[in-house]
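So you know, we letter chains A, B, ... as the sequences are listed, proteins then strands, and number each from 1.
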Amino acid sequence: MPPNFVTDVIDADLTSGRVHQVVTRFPPEPNGYLHIGHAKAICLDFGLARDYGGRVHLRMDDTNPTTEDPEYVQAIQDDIAWLGFEWDELRYASDYFEALYQLALQLVERGLAYVDSQSEDAIRETRGTLTRPGIASPYRERSVPENLDLFRRMRAGEFADGAHVLRAKIDMASRTIVLRDPVLYRIKHAHHYRSGSSWPIYPLYDFAHPLSDALEGITHSLCSLEFENNRAIYDWLVAHLFPEPRPRQYEFARLDITHTVLSKRKLIALVRGGFVAGWDDPRMPTIAGQRRRGVPPAAIRAFATRVGVTRSPSRSEVALLDESIRDALNPVAPRVMAVTDPVPLELQGLPPELFEVAAPRFPDQPDSPTRQVPISARLLIERDDVALEPPAGFKRLAPGRAVRLRHAFVARCDAVELDEEGAVRAVRASVVPDSLGATPEGVRVWSAIHWVDAEAGAEAEFRLYDHLFDSDDPDAGDVPFTEHVAPDSLVVRLGTVEPSVLKDAPDTRYQFERLGYFWRDPDDGRADRLVFTRIVPLKDGWSKQRRAASPAGPRPSEQASDVDAGTPGPATTSPAASSRAASSVAPAQDDGDPIARLEGSARQQAERLRDQHGLEPAAAALIGASREFQQLFEQGLAAGAPGSDLAAWIANDVQRLRKLHGSVPSGLDGAALASLLTLVRERRVSVRSAREVLDEVARSGRHPETVVAERGLALQADPAALSAFVRDALSQHPDEVASYRAGKRGLLGFFVGQVMRASGGQADPAAVRAALTEALEVPQDG
RNA sequence: UGGCCCGUCGUCUAAUGGCAGGACAACCGGUUUUGGUCCGGUCGGUCGGGGUUCGAAUCCCUGCGGGCCAGCCA
C-alpha cells in the first residue's frame with residue numbers, strides 16, 4: 001500500500017512506542033450487501049494490518065436487531081474472502097452486550113450517565129439546533145441510586161419501548177451536537193438474530209462502536225468522513241472507561257465514482273424499482289455485481305490503491321476503474337473471436353484443402369499457445385465492420401476494399417447486398433492469393449477484422465453491459481437519480497463464437513478481439529447455453545473519433561449536464577465548476593478593518609495596541625482578542641522586546657503552537673519569547689533555527705539560550721565553512737548547476753535548501769544566497 | 001446561522017518550509033494481422049487577497065467554495 005496520512009500516523013505511533021502492533025477492524029452492519037466503496041475501506045483496514053504485520057478483525061456491527069439479518073453476515077464474509085482478504089478474528093458487537101452493559105453501569109455509578117424518561121420528541125426538541133444550545137432534561141439530575149435502579153430495570157425488561165433511555169451526562173450546551181448528552185441505550189423489545197430475546201435494551205452506535213474497539217484492543221479505527229463529528233463521543237467514552245493505549249479513530253474520504261451511485265438507499269431503490277436484475281446485476285457497484293460481471297478481485301484492489309486515501313471529499317472517474325479492470329485482464333485473458341451482430345460473408349477462392357487456421361491465444365507473446373479455428377467459404381462478420389458507403393476515416397470492409405480476416409487471409413470485398421430496408425444482408429468477397437501468414441504485394445490492406453465460421457461457430461448470447469447511468473453524476477439536478485439510468489446499459493445480442501471456447505474452463509475470462517473482455521455468465525451461461533457477459537469493452541478509438549466528428553450534437557450524458565448547468569435555481573453544477581466560476585467572478589475584496597470587527601474590551605485592547613505600540617491592525621486585532629496573547633505581549637514588552645517583532649512572532653508562530661496544542665503552551669512566557677527575539681536580532685541564530693528553539697521552549701519550558709547551546713543551533717557564520725557547503729552543494733548537483741546556468745534561475749532556492757540542510761539549518765541564509773549566486777554566476781573553466 | 005473538516009492539472013493523488021511530480025483522461029506520433037496492447041511525446045494545476053520567511057502548495061490571518069453534524073440508524 002502506498003503511504004498515506006494513516007500510514008504516517010501509524011509510523012509515528014510505532015516509532016514513539018505508543019503502540020507495538022497495529023490492530024484494525026472492518027465493522028460492517030449486516031443489513032445489506034457490500035459495495036465497491038466498502039472495498040476501499042476493506043483494502044485499507046486489511047492492507048494496513050498486512051503491511052505492518054498486525055492483525056485485523058472482521059466485526060459485525062449488529063446492535064440494531066430490527067434491521068439486521070444473518071443472510072448478510074454470510075454474504076459479507078463471502079465478499080471479503082473473494083476480494084482476497086483474510087481476517088484474523090471474526091467478532092460480533094452482539095457478543096459484547098454484557099460487557100457493554102457493565103461499562104454503562106460504571107458510567108451510571110460514576111455519575112456520568114443518567115436515565116432520561118422524556119419522550120423521543122421531547123429529547124429531540126430539547127437538543128437545540130445547530131445555532132442554539134440544548135436544554136437539560138428534567139431527569140438529568142436524578143441520583144445515582146435512582147439511575148442504577150432504573151437502568152437495571154430497563155435491562156430486566158420492565159419497561160415498554162421508548163419509556164426510558166440511558167444518556168451520557170456531558171454538556172447540553174456543547175457546540176458539538178453529538179456531545180449534548182448522547183443517547184447510549186434504548187429499549188427495544190425485539191428479537192436479535194444472534195442474542196435472541198435475552199436483551200430488551202440495545203446500545204447505540206456511538207456507545208457500542210468505540211467500546212467494542214477498546215474491548216478488542218483495536219489501535220487504529222478507520223472510518224469514513226461522516227463520522228468525524230462522532231469522534232468527540234468516541235474519545236470521551238474510551239477516555240473515561242479504558243486506560244492507554246486507547247484506540248483512536250481516523251476518518252478518510254469515502255469512495256465516490258462517476259456514472260454510478262453508492263448509497264445503500266439508492267442501491268435498494270435500483271433493485272426494488274426493477275432498474276437492475278438484482279443485487280448481483282453486473283451493472284451494480286456491489287461486490288456481488290462486480291463478481292458476477294467477471295471483474296477480477298485484483299482489479300478492484302488495484303483501483304483502491306490508485307484512488308488513494310485522503311481526507312478530501314472526492315469523486316473518482318469510472319474510467320479509472322475500467323482501466324484497472326483492463327489492466328488486470330489484458331495479460332491473462334486469451335484472445336478469441338466472436339461476432340455479436342453477424343452478417344454473412346461468402347468467400348471465393350478459399351484453398352479447397354483448408355478447413356482451419358492456427359491462431360495464437362496471446363498474439364503479443366512470441367511463444368503463445370495456439371488454437372485451431374475452423375474456416376470455410378461461409379463466414380460471419382460484424383455488422384459494424386461493413387459499409388456500403390464508408391464514412392471518412394472508416395478502415396473496414398467496403399466494396400473494392402481489402403481487409404485482413406484476422407489470423408487468416410486478406411479478402412477483397414466484391415459486393416455488398418442490401419435488404420429492402422437498406423441494411424446489409426450479405427457480403428461477397430474473394431481471397432487474395434498467398435495472403436495466409438504473408439503480406440500480399442501491391443494490395444492495400446485497410447485493417448483486420450474478426451470473423452467466425454458460420455457452420456462451425458457456436459451460437460451464443462452476448463450481454464453487453466455498460467455504465468448504469470448516462471450522467472456522470474446521477475444525483476445532480478432536480479430529477480430523481482433513476483431518471484438517469486441509461487436505457488442501453490444492457491444490450492443483449494445473439495451471435496456466434498469460435499468453437500474453441502467449448503474446451504476452456506467455464507470461468508475463463510477472454511478478450512474477444514476488437515470487442516472487449518467477456519466471460520460466461522456464472523448463473524445463466526455455464527450449462528448448455530453459451531451466455532457471455534461483457535466485463536469491460538476495449539478502448540475504442542474509432543467510436544471516439546466518430547463521436548467527436550458527429551454533428552448530431554452532444555451525447556446523452558453531456559446533454560444532461562448541459563441541461564443542469566442551464567437550469568436556473570439551485571446550483572446543479574459540479575463543485576469544481578461552481579468554485580471556479582465563483583472565484584473568477586469574485587470582486588476584489590475589501591477586508592475592512594479587522595479591529596472594527598471586534599467588540600467590547602477586545603476592541604479596546606486592540607485599539608490600544610495599535611495606538612500605543614504602533615502594531616498593524618491585523619496583529620493588534622489578533623492579540624487584542626486573546627487574553628493569553630495579550631499577557632504574552634505585555635510580558636515580552638516588559639522584558640525589552642520590540643513591539644512589532646513580538647507581535648509578528650505571536651501572530652504567526654505562537655498562533656501555530658496554540659492551534660496545535662489548544663492553548664499557548666505553559667512553558668512559553670513573554671520573557672522567553674523576548675530572549676529568543678534577542679538571539680535572532682543579534683544574529684546568533686537563524687530565523688529557521690529560532691522556530692525550532694521556540695518549539696522546544698514551548699515543550700520543555702527551558703531557556704532559549706540553553707536550548708541553542710544544547711542543540712548546537714548557533715548561527716554558522718564562518719565564511720570558510722560556508723563556502724565549503726556551497727562547493728559541496730554545487731559539485732553534488734552538476735545537472736542542476738548546468739540547468740541553472742542555462743537559465744533555470746528557480747533552482748537558486750534548491751541550492752539554498754541544499755546548503756541549509758547540510759548546515760543543519762544553521763547557516764545564515766542571506767550569506768548563503770549571496771555566496772551561491774556568485775559561485776553560480778561565474779562558470780568554472782572547461 | 002454554530003461547530004468540525006476539506007480545497008494541488010479535466011479527475012484522483014505526491015511533494016512533511018527548498019526543482020510542483022505521478023496515474024487516469026484528452027491530444028499527437030511510432031510499432032502492430034485487434035481503431036486493443038506496447039513505446040515516445042504534448043497539453044494542463046497549488047481557490048482569491050494579505051502576512052511570516054533568504055525561500056511558502058506547505059506556517060499565520062482573511063475571504064470564497066465544498067463536505068459533515070440537530071435518529072432512541074450506522
- Message: If I take atom CZ in residue A:Arg757 and atom P in nucleotide B:G18, what distance separates them, rounded to the nearest angstrom?
- Response: 7 Å

- Query: Can you name the salt bridge (charged side-chain N to carboxylate O under 4.0 Å, His left out) partners of A:Arg175, sequence neighbours left out?
  - Reply: none

- Task: Look at A:Arg180 and B:A70 and indicate whether a side-chain polar atom (N or O) is within less than 4.0 Å of OP1 or OP2.
- Result: no

- Message: So, OP1 or OP2 of B:U1: does either fall under 4.0 Å of a side-chain N or O from A:Thr129?
- Response: no

- Please confirm whether any donor atom in the side chain of A:Glu736 sits under 3.5 Å from an acceptor in the base of B:C19, or the reverse. yes

- Give RNA chain B the dot-bracket treatment, 5' to 3': Watson-Crick (N1-N3 with N6-O4 or O6-N4) or G-U (N1-O2, O6-N3) under 3.5 Å, [ ] crossing, | other strand. .((((((..((((....[..)))).(((((.......)))))....(((((..]....))))))))))).....

- Any A:Thr63 side-chain N or O less than 4.0 Å from OP1/OP2 of B:A74: yes

- Message: Any side-chain N or O of A:Thr176 below 4.0 angstrom from OP1/OP2 of B:C4?
- Response: no

- Message: Return a single string for nucleotides 54-61 of chain B, one symbol per nucleotide in 5' to 3' order, where B is base contact, S is sugar-phosphate-only contact and - is none, cutoff 4.0 angstrom on heavy atoms.
- Response: BB---SBS

- Spacing between A:Asp171 atom CG and B:A70 atom P, to the nearest angstrom: 17 Å

- Task: Please name all residues satisfying ring pair (Phe, Tyr, Trp, His ring centres under 6.0 Å) with A:Phe252, sequence neighbours left out, ordered by chain then number.
- Result: none

- Can you name the residues that form a side-chain hydrogen bond (donor to acceptor under 3.5 Å, both in side chains) with A:Thr439, not counting sequence neighbours? none

- Mind checking what makes side-chain hydrogen bond (donor to acceptor under 3.5 Å, both in side chains) contact with A:Arg514, not counting sequence neighbours? A:Asp385, A:His450

- salt bridge (Lys or Arg N to Asp or Glu O under 4.0 Å) contacts touching residues 648-659 of chain A (sequence neighbours left out): A:Glu628-A:Arg658, A:Asp653-A:Arg656, A:Asp653-A:Arg691, A:Arg656-A:Asp695

- Item | A:Phe750 over B:G18, stacked by centroid distance under 5.5 Å, angle under 30° | no

- Sequence neighbours left out, what passes ring pair (Phe, Tyr, Trp, His ring centres under 6.0 Å) with A:Tyr185? Give chain and number order. A:Phe151, A:Phe207

- Task: Round to a whole Å and report the spacing from CG of A:Asn229 to C1' of B:C69.
- Result: 4 Å

- Nearest-angstrom distance from the residue atom CD1 of A:Ile325 to P of B:U37: 15 Å

- Can the ring centres of A:Tyr205 and A:Phe227 be said to be less than 6.0 Å apart? yes

- Choose from B:G35, B:C69, B:G67 the nucleotide whose nearest atom is closest to any side-chain atom of A:Phe394. B:G35

- Task: Kindly say if A:Arg175 contacts the phosphate of B:C69, meaning a side-chain N or O under 4.0 Å from OP1 or OP2.
- Result: no

- Task: Look at the side chain of A:Arg396 against the base of B:G35 and say whether a donor-acceptor pair falls under 3.5 Å; ignore hydrogens and angles.
- Result: yes

- Item | By ring pair (Phe, Tyr, Trp, His ring centres under 6.0 Å) - contacts of A:Phe159 (at least two apart) | A:His164

- Rounded distance in Å between the C1' positions of B:G45 and B:C24: 15 Å

- Atom-to-atom span, CG of A:Leu515 to C1' of B:U37 - whole angstrom: 15 Å

- ring pair (Phe, Tyr, Trp, His ring centres under 6.0 Å) against A:Tyr72, all qualifying residues, sequence neighbours excluded: A:Tyr33

- Among all residues two or more places apart in sequence or in another chain, which pass the side-chain hydrogen bond (donor to acceptor under 3.5 Å, both in side chains) test with A:Asp475? A:Lys266

- Task: Report, as a single string ordered 5' to 3', how protein heavy atoms within less than 4.0 Å touch nucleotides 21-33 of chain B: B base, S sugar-phosphate only, - not at all.
- Result: --SSSSS-----B

- Message: Would you say the rings of A:Phe518 and A:Phe512 are close, in the sense that their centroids are separated by under 6.0 Å?
- Response: yes

- Query: Any N or O donor-acceptor pair linking the side chain of A:Gln545 to the base of B:G35 at under 3.5 Å?
  - Reply: yes

- Note on the structure: From CG of A:Leu615 across to P of B:U52 the rounded distance in Å is 13 Å

- Message: Let me spell it out: for each of A:Pro313 and A:Arg335, pick the nucleotide of RNA chain B with the closest heavy atom. Which residue's pick is nearer the 5' end?
- Response: A:Pro313

- What are the two closest non-hydrogen atoms of A:Glu68 and A:Asp61, and how far apart are they? OE2-O, 3.5 Å

- Query: Looking only at side-chain N and O atoms, does A:Lys188 come under 4.0 Å of OP1 or OP2 in B:C73?
  - Reply: yes

- Taking the nucleotide of RNA chain B with the closest heavy atom to each, which residue, A:Arg231 or A:Asp161, is nearer the 5' end? A:Arg231

